[in-house]
Each structure stands twice: as structure tokens, then as C-alpha cells.
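Structure first, commentary second.
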Amino acid sequence: MLGKLIKYEFKGTARLYLPFFALLVLLTVVNRFSLQFSVSHSEIMEIPSVLAMMLYIVAVIAIFVIAMVATVQRFYKNFMTDEGYLMFTLPVSQDGLILSKLIVATIWNIFSVLIAMLSLFFLMVDEDIWSALVTGVGELQKLAATYGINLFSVCAITLLTMLIGLVAGILQIYAAVVIGCTSSRHKLILGLGVYLGFNVVMQTASLVMLPLIMNWLTTINELGDSFTPQQAMGFFQGVMLLGLVFSLVFGVIYYIITRLMLKKKLNLE
């Protein structure tokens, strides 16, 4: 049943995301050729190039705005309005309902970041930059091999930390929405207040951890005159792991809040 819910959610959200993705791809191609053509026809292409670039920047921003709005809108509409009565009569657990939204929202957010990055790469990279990137990656691999640094583990822990942070961020939105909907008149204001309150709590917790990180850094410095590459990578991976645990803990808290509020304090319109 979870698979069917995910499939349904993809169909419901694709209509919103795909047109913007297609628009960004189109504007990327237009700007790529516009930049190349303006090199030899600078006076003719000046105004069209500026307009095309402005539209491109707006499209990139819109991709991330749409991702945020869709995350909120789909959760609110399907669970906190009249549709919620139908959703909660389906033969699936609350965990399945929440996870279907969470998985699809996470995938679309990842796609949004990837398509924006690929767009910028295609727009900006030429033969010289590509050659420099290939050379730089090769030199980095050689340097890592010289000092016995596992680049795969460094990349893996970084990407995993970013993924858990994204999931925790989406769950934070869900928790704020369900708490906000406990108000009969001021759902939006309460939801925004709760979301900002969550951010304050997380920032406070991160400030509590900061002295631990600084003490760790001081300890490493006291062991030698300077950082070795191995120590630097070890410190970086340690900070990433700490960030992963931090996001995981808050993600679990937000998930529990969402689940409990949907189960016990649901206030449908």
C-alpha cells in the first residue's frame, strides 16, 4: 500500500514540478547560446542576454520556492483539510501516510537541487573549466592516496549528513503544520511561530555543541604544530558525523510530534 501511496503522490506533484523543471532546462539552453553568441555580437545581444539571464535567475529561485510550497501544501491539503477524512480511512497506518509524503517530498527536493546544479554546470562550464576540473579531481585523488585519505568515505558521510538534514527539515515543516492546525482561526500564524520556535531550539542546541567542537580542535592543535591532512579530514568527518546525529535526533523528535498530533489532536477544517 505504501508503494501505491508514493505512486499517487508522485502523480499529484509531478504536475507542479515538471513544468518548472522544463522551463529551467529551456532557459539554461537559451542562456548558454546567448552567452556564446554575445561574445561576437555584444551590442546586438546585450539587452536580450540580460533579460534571458534575469528570467533564468527567477526560474532557479522559483524551483526552490516551489519545492518548499509543495512540501507544505501537499501535507496540509491531504491531511489537515476535508481530504484528511478520506486519507485516514485508507487501509494504511499513519506511519505509511507520513512516510509516503516524506519520501516523495525528499526526492523532489533532491531533484530540485540536482537540476539547478546541472543547469549551472551546463551554463558556466566550457572546455577550459572542464579540463581544469578533471585535472583538479585527479590531483585531489593523488593527494588523498599519498596521505591515506579515503575520499569515498568523506563524500559518503557528507552526502548522508546532507540527506538526513533535508529529511529532518521536511519533518520540521510537518510538525509545525500539525501544531499550527490545532488553532481554529490562526493556523498560519501559529504554524510559522512554531517553525521559528523549532529553529531557535535547534540553534540553541548547536551553540551548546560549539564549545565541544572547539575543545576538540584545541586538543588536536596541542598534539602538534599544525593540522596534518589526516587530522583535518578526521576532524571534518567528525563534525559531519556530529551534524548527522544532530539532524537525526531532531528528525525523530519532529516525526514523533507529527505522528502524535495527527493521531490525538487532529483538527480538520
Side-chain angles (χ1 to χ4, degrees), residues 9-39 42 45-78 80 101-126 129-130 133 155 158-177 180 187-200 202-203 206 243 247 250-251 254:
E9 186 66 13
F10 267 122
K11 288 183 178 179
T13 52
R15 294 190 296 269
L16 180 62
Y17 281 97
L18 293 183
F20 281 92
F21 288 171
L23 177 62
L24 182 59
V25 171
L26 176 62
L27 289 173
T28 302
V29 174
V30 169
N31 276 278
R32 176 70 179 188
F33 287 106
S34 175
L35 290 173
Q36 292 179 340
F37 189 73
S38 63
V39 173
S42 57
M45 294 298 298
E46 182 176 358
I47 295 179
S49 295
V50 171
L51 291 176
M53 184 57 68
M54 290 177 62
L55 289 174
Y56 173 80
I57 294 172
V58 170
V60 172
I61 296 173
I63 289 294
F64 295 105
V65 173
I66 288 299
M68 171 67 75
V69 171
T71 299
V72 176
Q73 188 263 349
R74 292 294 299 183
F75 184 85
Y76 174 80
K77 182 180 179 181
N78 291 157
M80 314 308 296
K101 300 292 182 187
L102 179 62
I103 291 171
V104 174
T106 300
I107 292 174
W108 280 125
N109 275 271
I110 292 173
F111 279 173
S112 298
V113 173
L114 288 178
I115 195 170
M117 291 177 62
L118 290 173
S119 170
L120 288 171
F121 183 84
F122 178 77
L123 185 63
M124 304 303 297
V125 173
D126 55 19
I129 296 177
W130 175 255
L133 285 173
C155 293
T158 302
L159 292 175
L160 184 59
T161 300
M162 294 171 64
L163 176 61
I164 298 301
L166 172 61
V167 172
I170 295 172
L171 287 170
Q172 180 185 352
I173 292 173
Y174 290 172
V177 169
K187 292 181 174 63
L188 179 60
I189 296 175
L190 179 58
L192 287 174
V194 171
Y195 184 81
L196 293 175
F198 285 155
N199 282 329
V200 170
M202 292 177 67
Q203 290 176 1
S206 64
S247 296
F250 275 96
Y254 294 142

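In this structure, Ile63 and Tyr17 have side chains that are not in contact, with every pair of non-hydrogen atoms separated by 4.5 Å or more. Contact of the Ile107 side chain with the Phe10 side chain is registered, since non-hydrogen atoms from C-beta on lie closer than 4.5 Å. For the pair Gln172/Phe250, no side-chain contact is recorded, criterion being any heavy-atom separation below 4.5 Å from C-beta on. The closest side-chain heavy-atom distance from Phe20 to Ser112 is not below 4.5 Å. The side-chain heavy atoms of Leu18 and Phe111, taken from C-beta on, include no pair separated by under 4.5 Å. Residues Leu24 and Tyr56 have side chains in contact (heavy-atom distance under 4.5 Å, counting atoms from C-beta outward). Looking only at side-chain heavy atoms (C-beta outward), Phe75 and Ile173 stay at 4.5 Å or farther from each other.
Between Phe198 and Tyr254, a ring centre-to-centre spacing shorter than 6.0 Å is recorded.
How far CG of Leu102 is from OH of Tyr174: 5.5 Å, rounded to the nearest 0.5 Å. Taken to the nearest 0.5 Å, the OG1 atom of Thr28 stands 9.0 Å off from the CG atom of Leu23. Taken from CZ in Arg32 to CE in Met124, the straight-line distance is 9.0 Å, to the nearest 0.5 Å.
At distances below 3.5 Å, not a single donor-acceptor pair connects side-chain atoms of Arg74 with backbone N or O atoms of Glu9.
Listed by chain and residue number, nothing satisfies the side chain to side chain donor-acceptor pair (under 3.5 Å) test with Tyr195 (two or more places apart in sequence, or in another chain). In terms of the side chain to side chain contact (heavy atoms under 4.5 Å, CB included) criterion, residue partners of Val25 (sequence neighbours excluded) are, by chain and number, Ile115.
In plain terms, the two heavy atoms of Arg15 and Lys11 that are nearest each other are NH1-O, 3.4 Å. Nearest approach of Asn31 to Leu27, heavy atoms of both residues: ND2-O, 2.7 Å.
Around CE of Met202, the count of heavy atoms belonging to other residues, nucleotides or ligands within 6.0 Å exceeds 12.
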List the atom pairs, donor and acceptor, that lie under 3.5 Å between side-chain atoms in residues 159-171 and the rest of the protein, sequence neighbours left out.
from	atom 1	to	atom 2	distance (Å)
Thr161	OG1	Ile157	O	2.7
Thr161	OG1	Met240	O	3.0

